[in-house]
Amino acid sequence: MDKITAIKGIKDILPSDTPVWREVELAARKTFERFGFCEIRVPIMEKTVLFQRSIGETTDIVEKEMYTFRDRDDELLTLRPEATASVIRAFIEHNLSASDPITKLYTIGPMFRRERPQKGRFRQFHQIDVEVFGDDKPASDAEVIFMLILFLNTLGLNELSLEINSLGCKSCRPQFSKAVVDFLKGSENALCPDCQRRIYTNPLRVFDCKVESCGSVISGAPQILNYLCADCDAHFSAVKSFLTDLNLTFAINPKMVRGLDYYTKTAFEVKSGALGAQNSLAGGGRYDGLVSFLGGPEVPGIGFGIGMERLIACLPPSSGTGCQTDVFIAALGDQAQKVGFRLTNELRRSGISSSMDYSGKSLKSQMKRADKLNSAFTLIIGDKEIEENRAELRNMNTKQQQSLPLDQIHGALMNIIKER
RNA sequence: GUGGGUGUAGCUCAAUUGGUCAGAGUGCCGGGUUGUGGCCCCGGAGGCUGAGGGUUCAAGUCCCUUCACUCACCCCA
C-alpha cells in the first residue's frame, strides 16, 4: 500500500513542538489583553469576492495563490490567505462599531496560500493577527507597533529590526504612483521583465524587486515620503515621535510598500536575521478606507500579522515543557493490574493525572515509561505487596520511597500531590 | 510557474576511483548489573539504499525518467 502523506507545504505540528506553540499563543493572549484586545474567531473559508475586494485583484495573492473552489451550489469559496478581510467582514456584519466606537481584536489561526514552499514559507501557515477599528490617531499606530515589539520581546526576541514607512492616503498616493510610473517609463529598458510588466500592473512593487539593476534604477525614483499630503505627513511625524517616546528604535524604509493593496499611511515590518530569505516576521499597517470599501461604515483601521512558524523558528531552543504526569502506577501481576487499573482511573476522577502500563512488562520497562511521561511519583504495586496490603511510592526526583497501606493509597496520594 | 541541492534502518548519518557495502550512533524490544528506573554490559528486531528504466561481469555509488523533500527566485507572515 502506498502511504498517504500530508499535502505539500502543509505540516503536522508534532507533540514535541506543541508546547512552544502553546507558549507563544498564551504569551500573545496575555500581552494583547493587557492592551485591551479581545479575541475573535473567524472562519477559515469565505466567499472569494471578499478577498478579491480587500486584498486587491492584481495582487499575487489573489491572482495565483488562493485556494479557491466551487461549492456544490456553484458559489466560489476560498480558504483564507490572511485574516484581516474576515475580521473586517465580521466587524461589519455584526455591526460591532455600534456598541463601541473603538474595537480592538486579535485572532490566531491557519492561513492558506498556494506558493512553492521553502524556509519560513508554507501553504498552510499560522498567523497571529491584530486589528484596531475606529481610531485614526497616530498614537494608535504607535501603540500597535509597541505591542508587537513588546510581545516579541516577551518571547525573548531582541535582535529584531523594525522598519516603518508611510504609504500615503487616497489623496496623495495617486500622485506618487503617477510620478513613479513616469519615472520608470524613462528607464524601462534597464528593468527586469517582471518589473517592466509591473509598471502597468502594480508599479509600487518595483520598489522591493531584488534584481540588482532594478534596485539601482529605483534608488533614484521619487520617494513616497516627498509626496505625502499635509495630513499624512503630520501623521507620520507624530507616529515617529510616539515611537521614540516609547524608546523603540526603528528605521525608515521609504521603499517598503507591502504586498496588499489596502494599506494606507503607516506601514511597518519586523525582520529577523535568523530566518533566511523569508526574513519578514511580522508586518502590518493602516487601512483607513478598507472598512467602508467592504460595505461598512467610515471607520479607520490598523493591524498586523505575525507569522507563527517564522516566529517559532527564531525562538531560542530551550523553552517548552512536555506533558507532566503526577503519578505513574507500575503494576506487576494480575492482581496488581486490577488494583492499579481501578486506582489510576479513580485518581483521574479526582483531578490527578495518572497513567499506567497495561502490558504487564517488567518493572524496568515500566519505570522507563514513567520517565517518559515525566511522572513526579511512581507507585509500585506487585502481587507480593498486595498480599502485604501495601504499595511503594517513589518520588522520581529525590528517589525517596515510602510504604503506603493499600486501603489508604488514594487519600494519601491526593494529599501528597496537593502538597507539591 | 522557474532554477539549484538532496533522497541509505523510527531519527541523525557512514560506506575509498562502480567490486563482502548494506553499517554506526541513537531510539525501540529482551536480558544482566544496580538499593525497584536513570549509568554500564550483553543480545534482538527494523532497510527491494524514494520509485521505474538503462549502462556494466558487477550499481546507494554512473546515465535517463519520475516522485518526494529542501533551498532560492517570484511574493509574503
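In the text below, chain A, chain B and the rest are named by the order of the sequence lines, each starting its count at 1.
With a cut-off of 3.5 Å on both Watson-Crick or G-U wobble distances, the partner of B/rU65 is given as B/rA51. Across all strands shown, B/rA15 has no partner, as no Watson-Crick or G-U wobble contact with both distances under 3.5 Å is found. Pairing partner, B/rU33: none, since no Watson-Crick or wobble contact has both distances short of 3.5 Å. Summarising the base pairing, B/rG27 is matched to no nucleotide, lacking a Watson-Crick or G-U wobble pair whose two defining distances lie under 3.5 Å. Across all strands shown, B/rC73 is found opposite B/rG1 as a Watson-Crick or G-U wobble partner, with both distances under 3.5 Å.
Judged by atom type and distance alone, A/Lys364 does not reach the base of B/rG30 through any side-chain donor-acceptor pair under 3.5 Å. No N or O donor and acceptor, one from the side chain of A/Asp371 and one from the base of B/rG38, sit under 3.5 Å apart. A/Arg394 contributes a side-chain N or O that forms a donor-acceptor pair with the base of B/rG37 under 3.5 Å. On a pure distance criterion of 3.5 Å, a polar donor-acceptor pair joins the side chain of A/Gln401 and the base of B/rU36. Not a single donor-acceptor contact under 3.5 angstrom links the side-chain atoms of A/Gln278 to the base of B/rA72.
Under the side chain to side chain contact (heavy atoms under 4.5 Å, CB included) test applied with A/Leu152, the options A/Leu160, A/Thr31, A/Asn158 reduce to a single match, A/Leu160.
Aromatic ring centres of A/Tyr106 and A/Phe37: separated by at least 6.0 Å.
Protein atom CE of A/Met396 is 10 Å distant from nucleotide atom P of B/rG38, rounded to whole Å. Whole-Å rounding puts the A/Glu115 CD to B/rG3 P distance at 19 Å. When the C1' atom of B/rC28 is taken as reference, atom NZ of A/Lys368 falls 8 Å away, rounded to whole Å. Rounded to whole Å, the distance from CG on A/Asp60 to C1' on B/rU2 is 14 Å. One atom, CZ of A/Phe151, and another, P of B/rA77, lie 16 Å apart when rounded to the nearest Å. Atom CG of A/Leu373 is separated from atom C1' of B/rG37 by 13 Å (rounded to the nearest Å). One atom, NZ of A/Lys361, and another, P of B/rG31, lie 11 Å apart when rounded to the nearest Å. Atom P of nucleotide B/rA72 and atom CZ of A/Phe122 are separated by 11 Å, given to the nearest angstrom.
Of the C1' atoms belonging to B/rA58 and B/rG19, the separation is 7 Å, rounded to the nearest Å. Taking atom P on both nucleotides, B/rC28 is separated from B/rC39 by 10 Å, rounded to a whole Å. To the nearest whole angstrom, the two P atoms, one in B/rU12 and one in B/rG31, are 30 Å apart. B/rG35 and B/rG27 have their P atoms separated by 24 Å, with the value rounded to a whole Å. B/rA9 and B/rG23 have their C1' atoms separated by 10 Å, with the value rounded to a whole Å. As rounded to the nearest Å, B/rC48 and B/rU8 have C1' atoms that lie 12 Å from one another. Here the separation of B/rA45 from B/rG60, taken at their P atoms, is 23 Å to the nearest Å. Comparing B/rC69 with B/rG50, their C1' atoms sit 10 Å apart, to the nearest whole Å.
Residue A/Gly120 is classed as a base contact, given a heavy-atom separation below 4.0 Å to a base. Contacts of A/Glu392 with the nucleic acid, taken as non-hydrogen atoms under 4.0 Å apart, include base atoms. Nucleic acid contact for A/Ala282: sugar-phosphate only, since backbone atoms but no base atoms lie under 4.0 Å from a heavy atom of the residue. Across all strands, A/Leu281 comes closer than 4.0 Å only to sugar-phosphate atoms, never to a base (heavy-atom distances). Here A/Lys271 lies out of heavy-atom contact (under 4.0 Å) with every strand.
With distances taken from any side-chain atom of A/Tyr263 to the nucleotides B/rC73, B/rA77, B/rU36, the minimum falls on B/rA77. When distances are taken from the side chain of A/Met367 to each of B/rC69, B/rG31, B/rG37, the shortest belongs to B/rG37. Out of B/rG31, B/rA77, B/rU36, the shortest distance to the side chain of A/Ser362 is found at B/rG31.
For B/rG31, the base is anti relative to its sugar; the glycosidic angle deviates from 0 by more than 90°. With a glycosidic angle more than 90° from 0, B/rG43 adopts the anti conformation.
At B/rU70, none of the side-chain N or O atoms of A/Lys119 fall inside 4.0 Å of OP1 or OP2 (strictly under the cut-off).
Using a cut-off of 4.0 Å between Lys/Arg side-chain N and Asp/Glu carboxylate O, A/Arg394 and A/Glu392 are scored as not salt-bridged. Ion pairing between a basic and an acidic side chain is recognised when a charged N comes within 4.0 Å of a carboxylate O; A/Glu93 and A/Arg89 show such pairing.
The 12-atom threshold is not exceeded at CE of A/Met45, counting heavy atoms of other residues, nucleotides or ligands nearer than 6.0 Å.
Along RNA chain B, the nucleotide nearest A/Arg114 and the nucleotide nearest A/Lys372 are compared for position; the residue whose nucleotide lies closer to the 5' end is A/Arg114. For A/Val270 and A/Gln118, each mapped to the nucleotide of RNA chain B holding its nearest heavy atom, the one lying further toward the 5' end belongs to A/Gln118.
Taking the six-membered ring for Trp and thresholds of 30 and 60 degrees, A/Tyr262 and A/Tyr287 have ring planes more than 60 degrees apart, a perpendicular arrangement.
With a 4.5 Å cut-off on side-chain heavy atoms, A/Ile416 and A/Gln402 count as touching.
Between A/Ser375 and A/Thr325, the side chains place no donor N or O within less than 3.5 Å of an acceptor N or O (distance only, hydrogens not considered).
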